[in-house]
2 protein chains.
Amino acid sequence: MPASTAASAEHTSRDKILDAAEALFAKRGYAAVGLRELAELVGLGKSSLFHHFRNKAQLYAAVTARILVSIEARLVRSLATGGDPVVRLERWLDDLIDLLTENPTYARVLLRSLFEDDDLPGDLPEEIEGHRAIADMMAAVGGLLREGMGAGLFRAVHVNHFLLTLVGIIVFPFASGEFGAEVLGKDLFDATEVRRRKREVRALLRSGLVASR
Amino acid sequence: MPASTAASAEHTSRDKILDAAEALFAKRGYAAVGLRELAELVGLGKSSLFHHFRNKAQLYAAVTARILVSIEARLVRSLATGGDPVVRLERWLDDLIDLLTENPTYARVLLRSLFEDDDLPGDLPEEIEGHRAIADMMAAVGGLLREGMGAGLFRAVHVNHFLLTLVGIIVFPFASGEFGAEVLGKDLFDATEVRRRKREVRALLRSGLVASR
DNA sequence: GTCTATAATAGGATAGAC
DNA sequence: GTCTATCCTATTATAGAC
């Protein structure tokens with residue numbers, strides 16, 4: 001297997017830049033990260049970054065697009081697997097939580113990308129790709145909700161509001177950093193806490209909060 | 001009523017700066033806002049800002065503290081009003097949603113303040129005050145949940161996880177900007193959509209998603 | 001309390017040697 | 001593909017006149 005075709009484990013400068021940038025952007029956001037800082041983290045000169053990316057905005061868009069596409073790839077696969085809508089939705093939630101805990105930068109970049117639209121030009125190919133990925137995911141889950149409602153397995157919900165609810169329930173906690181850890185009293189990324197989160201989310205969807213009469 | 005005691009409607013430079021800064025920080029975040037831009041929005045010279053605030057970090061902390069304290073004031077009052085835990089929780093949710101929709105900057109500043117802790121020194125009085133306000137609120141709602149569970153009105157939930165869930169359900173959508181509007185197809189801040197959001201949140205807490213068997 | 005002037009630094013980005 | 005050197009602009013912050 002020639003190295004030139006083994007793309008997976010390659011360790012190019014471009015990948016190193018993307019990895020370091022992902023960590024920095026997740027932690028502090030677009031505007032607060034300087035390219036000089038990023039360059040010396042990677043072990044390059046500032047100018048070398050511009051050989052790999054046209055400018056800062058494109059680098060940021062590349063970082064977020066890489067994440068959004070990888071999330072989409074895994075979750076669309078998850079949704080495509082069989083089972084009734086209840087099973088499929090719960091598996092999707094579990095898989096999403098697994099994905100976010102295995103990649104602690106993801107939730108923050110995901111939420112930040114919703115807040116930091118203003119900084120970007122809006123017409124970069126990477127932006128469009130990321131936007132499409134997230135829209136496709138939302139559409140797929142929306143379809144699942146509709147399917148479950150049609151089969152009488154879900155009560156009648158407003159699908160789009162429910163999508164916002166799901167993102168808020170799942171993504172927000174893993175992006176909440178210090179706040180989440182303080183509310184919880186523990187690190188949400190610990191394995192036991194992740195299991196608990198899955199259980200609590202399932203229970204909420206199955207029973208709500210108010211006790212049955 | 002002498003003007004000097006009528007603090008509510010006063011229009012001091014300090015208030016104007018705080019108002020303008022709140023709008024800018026909500027829209028673009030701490031690092032992306034320049035003091036020159038802020039100054040000319042207020043109609044002052046850049047240097048005049050430093051007469052009212054020691055530095056940018058303190059200004060930011062003052063902005064967030066003002067919001068957190070005002071939220072706390074209104075919601076602690078809401079929680080203190082009578083009714084059983086179910087009624088009180090639902091009123092709290094409605095009041096929080098009202099507060100967030102009447103002040104469109106709040107949700108964004110609130111969520112951003114969770115992400116942008118790194119930028120601040122951590123020991124400013126304003127930071128501590130804001131931190132206390134949010135902690136008190138969480139504690140109050142946590143107490144309400146425990147009370148409801150004790151009375152058999154709520155099922156047994158993990159209180160701290162449920163607090164994260166509540167913040168994710170309520171605050172996140174109103175902070176989600178373009179993304180939320182796109183998922184929804186409408187502006188979440190429209191009166192009809194706000195009403196729908198309240199209904200959907202209530203229904204989730206009362207019945208979950210999965211249809212009763 | 002607001003201003004002008006200025007300092008000191010960091011920002012993103014480009015040119016051109018190697 | 002990486003480097004040094006440089007450009008221009010923006011940044012936060014201070015000093016001191018009015």
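Treat the numbers as computed from the prediction; the structure is a model and nothing was measured. To find a chain, count down the sequence lines: A is the first, B the second, and so on, and within it residues start at 1.
B/Tyr106 and B/Ser70 share a donor-acceptor pair across their side chains, judged by distance under 3.5 Å alone. A donor-acceptor pair shorter than 3.5 Å can be found between the side chains of A/Glu116 and A/Tyr60. Using modelled atom types, one finds a donor on one side chain and an acceptor on the other under 3.5 Å when comparing A/Thr165 with B/Arg197.
Counting to the nearest Å, the P atom of C/dT2 and the CZ atom of B/Arg14 are 13 Å from each other. In this structure, A/Leu35 places its CG atom 20 Å from P of D/dC7, rounding to the nearest Å. Distance, A/Leu59 CG to C/dG11 P: 14 Å, rounded to whole Å. In this structure, A/Leu44 atom CG and D/dT2 atom C1' are separated by 7 Å, rounded to whole Å. For the pair A/Glu40 CD and D/dT4 P, the computed distance is 13 Å after rounding to whole Å. In this structure, the CD1 atom of A/Ile17 is 10 Å from the P atom of D/dG1, given to the nearest Å. The nearest whole Å value for the distance from the NZ atom in A/Lys46 to the P atom in C/dT9 is 15 Å.
Looking at A/Leu205 and A/Leu93, their side chains come closer than 4.5 Å, going by heavy atoms from C-beta outward.
Look at A/Ser48 and you won't find any side-chain N or O under 4.0 angstrom from OP1 or OP2 of D/dG1. Phosphate proximity of C/dC3 to B/Ser47: absent, as no side-chain N or O sits under 4.0 Å from OP1 or OP2. Between A/Arg36 and the phosphate of C/dG11, there is a side-chain N or O to OP1/OP2 separation shorter than 4.0 Å.
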Before you tell me yes or no, could you show the steps for A/Leu89 and A/Phe154 under side chain to side chain contact (heavy atoms under 4.5 Å, CB included), namely the whole-Å CA-CA distance, both residues' side-chain angles and the distance that decides it to 0.1 Å?
CA-CA 11 Å; A/Leu89 180 63; A/Phe154 298 153; 4.0 Å; yes
Residues B/Arg28, B/Glu37; criterion salt bridge (charged side-chain N to carboxylate O under 4.0 Å, His left out); working and verdict
CA-CA 12 Å; B/Arg28 301 214 306 277; B/Glu37 176 189 16; 2.6 Å; yes
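Only B/Phe50, B/Asn55, B/Lys56, listed by number, bring a heavy atom of residues 49-58 of chain B to less than 4.0 angstrom from any atom of DNA chain D.
The six-membered or imidazole ring of B/Phe172 lies away from that of A/Phe172, with a centre-to-centre distance of 6.0 Å or more.
Within the nucleic acid shown, A/Val33 comes within 4.0 Å of sugar-phosphate atoms alone, with no base atom in reach, counting heavy atoms only.
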